[in-house]
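None of these values were measured; they are calculated from a predicted model. In what follows, residues are counted from 1 in the order of the sequence shown.
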Amino acid sequence: MQAFQRPRHKQLSLLPLVLVSALPATALAQASTSTESQDANDQGLDPLVITATRNRSSEGETPQKVTVINREQIEQQLAITQDPSQVLSNLIPSYSPSRQKLNNTGETFRGRSVLFMVDGVPQSNPMRDGGRDSYTIDLSMVERIEVIHGASAEQGLGATGGIINYVTKRPEGAGISQHVGVSLTSGDDFESEGFGHKLDYRLSGQTRDWDYMFAASRQKRGVYYDGDDEIVGMAYHGEIQNSESYDLMAKAAYWIDDDQNVEFSLNHYDLDVGDDYVPVSGNRDKGVPTRAKKGNPVNDPGYNRATTARLSYENRDWLGNELNAQLYTQRFRAQFGTTGLGSFPYQDDAGNTRYDHTRNESDKVGAKFTLSRDGLLDDRLKLTTGLDLLQNETQQVLVQTDRNYVPETRFRNVAAFLQGDYDLTEALSLHAGVRQEHATLNVDDYSPVDQSTSVENDLAAVDGGNPSFDETLFNAGIVYQATDWAQLYANYSEGFGMPDVGRVLRDDDSAGRDVDTLIDLSPIVTDNREIGARFDWDRYGLELSYYESNSDLGQRIEPDAQNNYRVKREKTEIQGYEITGDAQVNDAHNLRLTYTHAEGKSDQDGDGSVDTKLTGRDLAPDTFKLAWSAAWNDKLSSHLQYSYYRDRSFDDPELEFDGYGLIDASLAYRLPIGRASLGVENLADKDYFTYYSQSFPQGDALKDDLYFKGRGRTFTLSYQLDF
């Protein structure tokens, strides 16, 4: 069978679990998802299917808020910044401002944890959350990003705040196609230390019954300069400036017949921090930021390395059902630099005091099976059922002394689910489901290390154990198409998460206790209630949503008197709303705005009543974003965006946040061969301290070492060629 004779769903394959409808490329990359859906309908294409949902929901028909970031939007942001966290923050309502660091701890979604996935494979490591989940793939490999707002259990562990699923690229029609891209980055003073560059290449094709793709990228980052033209401070635990990364991806799919295909994909991502800069402490009380200078770190620098393999099978007509199966494995290593805070002391062979540093090691093996039947009850009912299996082995080791800072933790999870979608009338649909989680945590006997005096000393032994958890999680929603331009929805969903188990086990106060009796290891079950409305007036779109996110046994992390971060299990309640609007003013100009607000409290005194404001570690500030995209002619286009982070106060007066606004811009021009773009991040060269630095609680010994300014004006010149 020739590739061009395939049914449409086969040509759009290489997404193992779903049928994906190709949206036409638009001149305006910032066009809203509602506008894209309308364009697709006008051209006779099916609505876009959201792969992050197990029942393959169509865009614009879900009972909860969903954001789809298309490739044009991704490229538009990459023309301005190569920081994936910054891209997410720019495009996803209620996602925290980027820390501009490799460690994204404190970057939350609706005040809670995000489950990151790549083609449905979980990337998050909740057993020992090192804050590196969003750095496992280069965005040049990604076709679109699907975002489910609010707690969800349908993809398993970790989505107490929502799901972010990276959908990777696929072949683009019959034959062979190739892509080459190059970009150069520099601060506005064009200092050689701040120069960076990136190269990416992609080859894909379809031949007979095979689809295939190979892609590679390599990026070198220089140091960052703030608005005062000084080098931004280096973070001990994870840095993206002065680093080098590469990504290799290979995918191949074989079509057994018109309805069946098997696909295999392999991705390896590696980011290594340079070893020629050292941090220089600031002074938070005097407003002096943390800096960096030339020098050699006393130990090995940090890195992120993730290798993910996935094998999937799809049968669109198995006894009248649609069957999807996926097997996956991931090897993840995240090394942290030397803290410089006097932690992890040990004696070398000469009797000198040295300081060790740590590395997280996580290995996952999992499987997902999904069976779906449509057309039941006179074509009104669709049922989806499935089974998920996961085994995750995690530990945190000391690099120099080869000690286990966190003992090996084996987490096994089995979950079965049933989801139903019923069209009560042509205008009213009901959605409900149930998921049964069974999880077991296995920890052998261990002894915490003495991280203050000498890591070669053991503290009192902890008895291992096998605590198990059973949770039944529900979701229920309704979608009402009130008119041809107005849709209302309401949703209740529950998310299942685990606390930072590794942080609990490694703490000194676990010494002499029993793993089976540690309440700090109990799951985090989050209830998400949401109501919203979508309006589509041809060229204008608006979506409003209000949500409440509550957990009786949430997680809050704070430093203690010894500057060790401790896990606090407390009742937490969060409320917020999101407003998203877009206007296709004419064929050439598009405007988009978002406004988000969130507030939350926790029960720190244990009296059952929430009474203490959550800090910037949990909540993003109120945020207003405005973007204008313009296609001036068939060759020249532009994009201008403004982000304003409103000031916020906390119960701790040292954490007062002074708001700031940032402007970014880009120009793109189609050349006779290829296309070029020039992007400017922080166009006004705003000199500011990041939201993280101002609002994240730090101990006395940390506050001067983690007081960072944001990146100043930065230029990115890019060229891309498809052939």
*Can any side-chain N or O of Thr207 pair as donor or acceptor with the backbone N or O of Trp210 at less than 3.5 Å?*
no

*List for me each residue that meets side-chain contact (heavy atoms from CB on, under 4.5 Å) alongside Ala684, sequence neighbours excluded, and say none if there are none.*
none

_Student check: side-chain heavy atoms of Tyr660 and Tyr691 closer than 4.5 Å_ = yes

_Side-chain donor/acceptor of Gln241 to backbone N/O of Tyr224, under 3.5 Å_ = yes

*Would you indicate whether the side-chain heavy atoms of Tyr692 and Ser96 approach each other to under 4.5 Å?*
no

*Heavy-atom side-chain contact between Ile145 and Leu88 under 4.5 Å*: yes

*Answer with yes or no whether the side chains of Tyr277 and Glu193 bring together a donor and an acceptor at under 3.5 Å.*
yes

*asked:* The criterion is side-chain hydrogen bond (donor to acceptor under 3.5 Å, both in side chains); which residues satisfy it with Gln330, sequence neighbours excluded?
replied: Gln123, Thr308, Lys364

*asked:* For residues 220-234, which residue pairs pass the salt bridge (Lys or Arg N to Asp or Glu O under 4.0 Å) check, not counting sequence neighbours?
replied: Asp226-Arg291

*Does any pair with a residue in residues 712-723 pass salt bridge (Lys or Arg N to Asp or Glu O under 4.0 Å), and if so which ones, sequence neighbours excluded?*
Asp188-Arg713, Arg675-Asp722, Asp685-Arg713

*asked:* Before you tell me yes or no, could you show the steps for Trp255 and Gln206 under side chain to side chain contact (heavy atoms under 4.5 Å, CB included), namely the whole-Å CA-CA distance, both residues' side-chain angles and the distance that decides it to 0.1 Å?
replied: CA-CA 11 Å; Trp255 286 93; Gln206 295 179 338; over 6 Å; no

*asked:* Is it the case that the side chain of Ser245 and the backbone of Tyr269 share a donor-acceptor pair, with hydrogens and angles ignored and the cut-off at 3.5 Å?
replied: no

*Backbone N or O of Leu636 within a donor-acceptor pair of the Asn633 side chain at under 3.5 Å?*
yes

*Pair Thr81-Asp83, side-chain hydrogen bond (donor to acceptor under 3.5 Å, both in side chains): steps then yes or no*: CA-CA 6 Å; Thr81 176; Asp83 178 2; 5.2 Å; no

*asked:* Is it the case that the side chain of Gln73 and the backbone of Arg144 share a donor-acceptor pair, with hydrogens and angles ignored and the cut-off at 3.5 Å?
replied: no

_Any donor-acceptor pair under 3.5 Å from Asn304 side chain to Tyr135 backbone_ = yes

*Are Asp200 and His179 linked by a side-chain donor-acceptor pair shorter than 3.5 Å?*
yes

*Listed partners of Glu191 passing side-chain hydrogen bond (donor to acceptor under 3.5 Å, both in side chains), at least two apart*: none

*Partner set under side-chain hydrogen bond (donor to acceptor under 3.5 Å, both in side chains) for Tyr645, not counting sequence neighbours*: Lys625

*Test Asn360 against Arg132 for side chain to side chain contact (heavy atoms under 4.5 Å, CB included), laying out the working first.*
CA-CA 10 Å; Asn360 282 358; Arg132 301 283 187 87; over 6 Å; no

*asked:* With a 4.5 Å cut-off on side-chain heavy atoms, are Ile74 and Ile69 touching?
replied: yes

_Donor-acceptor check, side chain of Glu107 to backbone of Ser85, threshold 3.5 angstrom: yes or no?_
no

*In terms of side-chain heavy atoms, does Arg310 have a donor or acceptor partner in Ser265 at a distance below 3.5 Å?*
yes

*asked:* Using the ring pair (Phe, Tyr, Trp, His ring centres under 6.0 Å) criterion, which residues pair with Tyr719? Sequence neighbours excluded.
replied: none

*Just checking, Arg99 and Phe708: is the charged tip under 6.0 Å from the six-membered ring centre and within 45° of the axis?*
no

_Pairing residues for Phe109 by the ring pair (Phe, Tyr, Trp, His ring centres under 6.0 Å) criterion, not counting sequence neighbours_ = His149

*Mind checking what makes salt bridge (Lys or Arg N to Asp or Glu O under 4.0 Å) contact with Arg218, not counting sequence neighbours?*
Glu244

*Using the six-membered ring wherever Trp is involved, compare the ring planes of Trp628 and His589 and label them parallel, tilted or perpendicular (cut-offs 30° and 60°).*
parallel

*asked:* Under a 3.5 Å distance rule, please check whether Arg202 uses its side chain to pair with a backbone N or O of Gly181 as donor and acceptor.
replied: no

*asked:* Under the rule for ring pair (Phe, Tyr, Trp, His ring centres under 6.0 Å), what residues qualify as partners of Phe195, not counting sequence neighbours?
replied: none

*Carefully, step by step, assess Gln326 and Val121 under the rule side chain to side chain contact (heavy atoms under 4.5 Å, CB included).*
CA-CA 9 Å; Gln326 178 174 254; Val121 176; 4.2 Å; yes

*Hey, is Arg670 close enough to Asp634 for a salt bridge, meaning N to O under 4.0 Å?*
no

*Among all residues two or more places apart in sequence or in another chain, which pass the ring pair (Phe, Tyr, Trp, His ring centres under 6.0 Å) test with Phe190?*
Phe715

*Examine distances only and state if a side-chain atom of Thr307 and a backbone atom of His268 form a donor-acceptor pair shorter than 3.5 Å.*
no

*Is there a side-chain contact between Gln335 and Arg305 (heavy atoms, below 4.5 Å)?*
no

*Ser637 side chain vs Lys635 backbone, donor-acceptor pair below 3.5 Å*: no

*Asn165: what forms a side-chain hydrogen bond (donor to acceptor under 3.5 Å, both in side chains) with it, not counting sequence neighbours?*
Thr51, Glu146

*Is the closest side-chain heavy-atom distance between Arg54 and Lys368 below 4.5 Å?*
yes

*Does the side chain of Tyr95 come within less than 4.5 Å of Val147's, by heavy atoms?*
no

*Does NZ in Lys293 sit with more than 12 non-hydrogen atoms of other residues, nucleotides or ligands closer than 6.0 Å?*
no

*Going by heavy atoms in the side chains, are Gln76 and Ser629 under 4.5 Å from each other?*
yes

*asked:* Pairing donors with acceptors under 3.5 angstrom, does anything connect the side chains of Ser204 and Lys169?
replied: no

